[in-house]
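What follows is a single structure, written as structure tokens, with notes after it.
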Number of protein chains: 2
Amino acid sequence: MGKEPLTGDQYHHGNLRAALLDSALVVLTDRGVAGFSMREAARRAGVSQSAPKHHFGDARGLLGALATRAYRQLCDRLESLELAGLDARGRVTRLAGEYVAFAGENRALFDLMWRMTQFDFTAPELAEQKHRALLALDRGLRGEDAEPPTGDTDPALLPSYAVWSLVHGYTTLALEGAIDSGNPDPLNSDLLPTMLALLDVTGSQPPGKP
Amino acid sequence: MGKEPLTGDQYHHGNLRAALLDSALVVLTDRGVAGFSMREAARRAGVSQSAPKHHFGDARGLLGALATRAYRQLCDRLESLELAGLDARGRVTRLAGEYVAFAGENRALFDLMWRMTQFDFTAPELAEQKHRALLALDRGLRGEDAEPPTGDTDPALLPSYAVWSLVHGYTTLALEGAIDSGNPDPLNSDLLPTMLALLDVTGSQPPGKP
DNA sequence: CCTCCATCTTGACAGTGAGAAGATGTTTCG
DNA sequence: CGAAACATCTTCTCACTGTCAAGATGGAGG
């Protein structure tokens with residue numbers, strides 16, 4: 001076998017790093033972010049309480065790795081959407097639906113993803129994936145053949161920022177029970193497309209004021 | 001004195017309930033939601049570790065009371081805004097600015113406010129204040145003389161839901177470092193008004209698709 | 001074989017939330 | 001006035017957590 005133990009694979013346990021991430025996800029899903037316990041994650045992986053230390057440093061490191069993996073999954077889903085043949089509005093609706101679906105299927109993970117600064121966790125990999133999410137959204141919105149943004153403050157990104165803000169805000173507000181769509185599942189409503197219809201996605205000027 | 005000890009005032013300590021809320025706010029601001037400790041809040045109030053129990057039940061109760069008070073403050077600020085003489089777009093900008101300002105001035109509190117379901121905290125008072133925030137936003141947006149919504153699913157509320165979602169999403173994304181406005185203070189940018197300009201706040205139909 | 005090193009375990013410590021039992025002051029009512 | 005009833009607060013205890021230091025374990029390479 002190769003000499004690449006850099007990722008922490010294939011040692012005494014097999015690859016404890018991946019196993020710990022999996023058990024940590026179970027604990028997170030069961031108990032939520034507030035009730036998360038690194039010891040229990042280790043227990044479920046069948047190792048001692050201090051085993052995670054070598055792989056993740058401390059609890060924040062473990063949660064950070066979990067969040068980074070979650071960002072990667074979300075970006076993968078956004079990037080692999082089939083958007084060809086749809087107009088701008090259709091693409092936005094599709095992207096937004098996927099975003100909300102991810103949040104609904106991974107509520108605890110989704111919560112965690114936007115809490116990392118609160119845990120004083122700043123890894124370059126995490127920021128990178130966060131940025132990748134923005135690019136995936138923007139690319140999906142403006143189409144594959146549009147010019148990529150020149151930087152984070154490129155004015156061409158404005159519609160993407162607006163869409164992301166609206167979709168993200170709706171998701172968190174609905175999950176928190178602040179927006180009641182009348183639907184038993186707060187995320188499974190037709191409210192979001194209707195709200196997105198109020199957004200000028202093309203980047204041109206909105207209709208004149210009365 | 002009157003026979004109204006229902007609020008828990010004026011007993012041995014004076015009014016420990018209010019003092020605990022104050023010290024808890026200090027702890028929350030210092031250590032964040034993740035590092036909050038009920039024991040330390042009690043310590044700072046000069047009472048024993050178990051003193052909060054009678055007033056708040058458990059830690060979730062203390063945080064819930066804190067969040068409820070924060071909602072009340074936010075609603076007060078939104079409701080007391082002077083919006084007369086402004087058109088719809090001016091009113092929205094003003095409301096959004098106040099919302100973002102509150103979040104920036106009370107970051108830990110603002111974080112807490114949207115994590116109460118995660119803490120399994122559901123008090124009727126909290127839901128009531130959350131609803132009051134929506135009404136304040138809607139009233140500000142549609143004007144004082146507009147008809148109040150008939151219910152949470154009234155279609156007339158749609159623009160308010162959209163504005164709230166966009167503003168709230170922008171706030172959380174900016175605080176988490178996902179949206180980089182190029183400004184040192186992530187919340188102090190002119191990005192938000194520009195994004196709001198893309199929203200049709202009048203509730204009419206958006207411009208036709210190309 | 002034997003040393004080096006990544007990996008994992010054991011044991012300990014301070015800190016936390018929560019509960020039981022009791023002390024202390026306040027109110028109420030005979 | 002006095003005694004019970006009560007709200008309020010303290011002390012003690014327990015299980016649990018994250019973190020650290022020291023040691024055991026076993027593969028890799030000289």
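Keep in mind the model is a prediction, meaning the values are calculated, not measured. The figures that follow rest on heavy atoms only: side chains count, while hydrogens, waters and symmetry mates do not. Per chain, numbering begins at 1; letters A, B, ... match sequence-line order.
Of the candidates D:dC9, D:dT17, C:dG17, D:dC9 carries the atom nearest the B:L16 side chain, counting heavy atoms from C-beta on. The B:M38 side chain lies nearest to C:dA18 when the options are C:dA18, C:dT16, D:dG18. Here the nucleotide nearest the side chain of A:S37, chosen from C:dG17, D:dT17, C:dC8, is D:dT17.
A distance of 6.0 Å or more separates the ring centres of B:H131 and B:Y71.
For the pair B:D138 (side chain) and B:L157 (backbone), a donor-acceptor distance under 3.5 Å is absent.
Atoms CG and CG, from B:L192 and B:L166 in turn, are 7.0 Å apart once rounded to the nearest 0.5 Å.
Put simply, CG on B:L20 is 13 Å from P on C:dG17, counting in whole angstrom units. Residue A:K53 contributes atom NZ, which lies 18 Å from atom P of D:dT17 at whole-angstrom precision. Distance CG (B:D120) to P (C:dA18): 12 Å, rounded to an integer number of Å. Regarding A:R31, its CZ atom lies at a distance of 17 Å from the P atom of C:dG17, rounded to whole Å. For A:R60 and D:dT19, the CZ to P distance is 7 Å, given to the nearest whole Å. To the nearest angstrom, C1' of C:dG17 lies 12 Å from CG of B:L63. Rounded to whole Å, atom C1' of D:dT19 lies 9 Å from atom CG of A:D58. At whole-Å resolution of the value, CZ in A:F36 and P in D:dC16 are 17 Å apart.
By the side chain to side chain donor-acceptor pair (under 3.5 Å) test, B:Q73 is found to be paired with no residue, residues two or more places apart in sequence or in another chain being considered.
For the pair A:K130 and A:D152, the salt-bridge criterion is not met [side-chain N within less than 4.0 Å of a carboxylate O]. Of the charged side-chain nitrogens involved, at least one lies within less than 4.0 Å of a carboxylate oxygen, so that A:R132 and A:E79 count as a salt-bridged pair. Using a 4.0 Å cut-off between charged nitrogen and carboxylate oxygen, B:R91 and B:E144 do not count as a salt-bridge pair.
For the pairing with B:L135, the side chain to side chain contact (heavy atoms under 4.5 Å, CB included) check across B:C75, B:P149, B:P148, B:S160 returns one residue only, B:P149.
Note on ring orientation: taking the six-membered ring where Trp is involved, the planes of B:F110 and B:H168 are tilted (angle from 30° to 60°).
Not one side-chain nitrogen or oxygen of A:R17 sits closer than 4.0 Å to the OP1 or OP2 atom of C:dA6. For the pair B:H54 and D:dC9, the criterion of a side-chain N or O lying under 4.0 Å from OP1 or OP2 is not met. A sub-4.0 Å separation between OP1 or OP2 of D:dC9 and a side-chain N or O of B:H55 is present.
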Using the 3.5 Å cut-off, write out each protein N or O paired with an N or O of nucleotides 11-15 of chain D and the distance between them.
from, atom 1, to, atom 2, distance (Å)
D:dT11, O4, B:S50, OG, 2.9

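The rotation axes computed at either terminus of the helix from C:dC1-D:dG30 to C:dG30-D:dC1 lie 10° apart, taking five pairs at each end and rounding to 10 degrees.
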